[in-house]
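Single-structure report; data block below.
In this text, all values refer to a predicted model and were calculated from it rather than measured experimentally.
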Amino acid sequence: PQQRRKQQAQQQANTLQPGARVVTTAGMYATVVEVDGDDVILEVAPGTEVRYMKRAIMNVVSTPDTVDEPAQDEAPAEDYPADTVGDIAGDTPEPDAADAQETAYEQATGTKKD
């Protein structure tokens, strides 16, 4: 299995082409701008290009001739109720100090503070 994974990674690196969306081993999403020998130039933001080694490409997300579509088991964010989108994305805001203090008071006394 390890040798098979190594062969797949090598084949994937050899077939990289400009326009492909990739994920690096560090987890960064980027678009291939140019392939230069053992290196690849990636655009990580509009106008921001970085040079990586081909073997740092972990996965090809899409090739230039494919269209990104949501996974079948995953609904787009607009299909979720508005109050749960932040929870799903993992960016639920932290309560401020006053909210935390009020919650602690309610828990300690068993009463709701007005």
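For the pair T25 and R55, the tightest heavy-atom approach, listed with the atom from each and the gap, is CG2-O, 4.2 Å. Pairing each heavy atom of K54 with each of V35, the nearest pair is CE-CG1, 3.3 Å. M58 approaches Q12 most closely through the heavy-atom pair O-NE2, 3.7 Å.
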Could you go through residues 3-10 and list every donor-acceptor pair under 3.5 Å that involves a side-chain atom there, pairing it with any protein atom two or more places apart or in another chain?
none

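Of the candidates V33, V22, T31, L42 forms a side-chain contact (heavy atoms from CB on, under 4.5 Å) with just one, namely V22.
Taking the side chain to side chain donor-acceptor pair (under 3.5 Å) definition, one finds that T24 meets it with nothing, sequence neighbours left out. By the side-chain contact (heavy atoms from CB on, under 4.5 Å) test, V44 pairs with M28, A30, T48, V50, sequence neighbours left out. With sequence neighbours excluded, the residues that form a salt bridge (Lys or Arg N to Asp or Glu O under 4.0 Å) with D36 are R51.
Grouped by direct or indirect side-chain proximity (heavy atoms under 4.5 Å, Ile/Leu/Val/Met/Phe/Trp/Tyr only), M53 sits alone.
You'll find the side chain of V61 reaches within 4.5 Å of the side chain of Y29, heavy atoms only. The shortest distance between side-chain heavy atoms of L16 and V60 falls below 4.5 Å.
Judged purely by atom type and a 3.5 angstrom limit, Q11 has no side-chain atom pairing as donor or acceptor with the backbone of T15.
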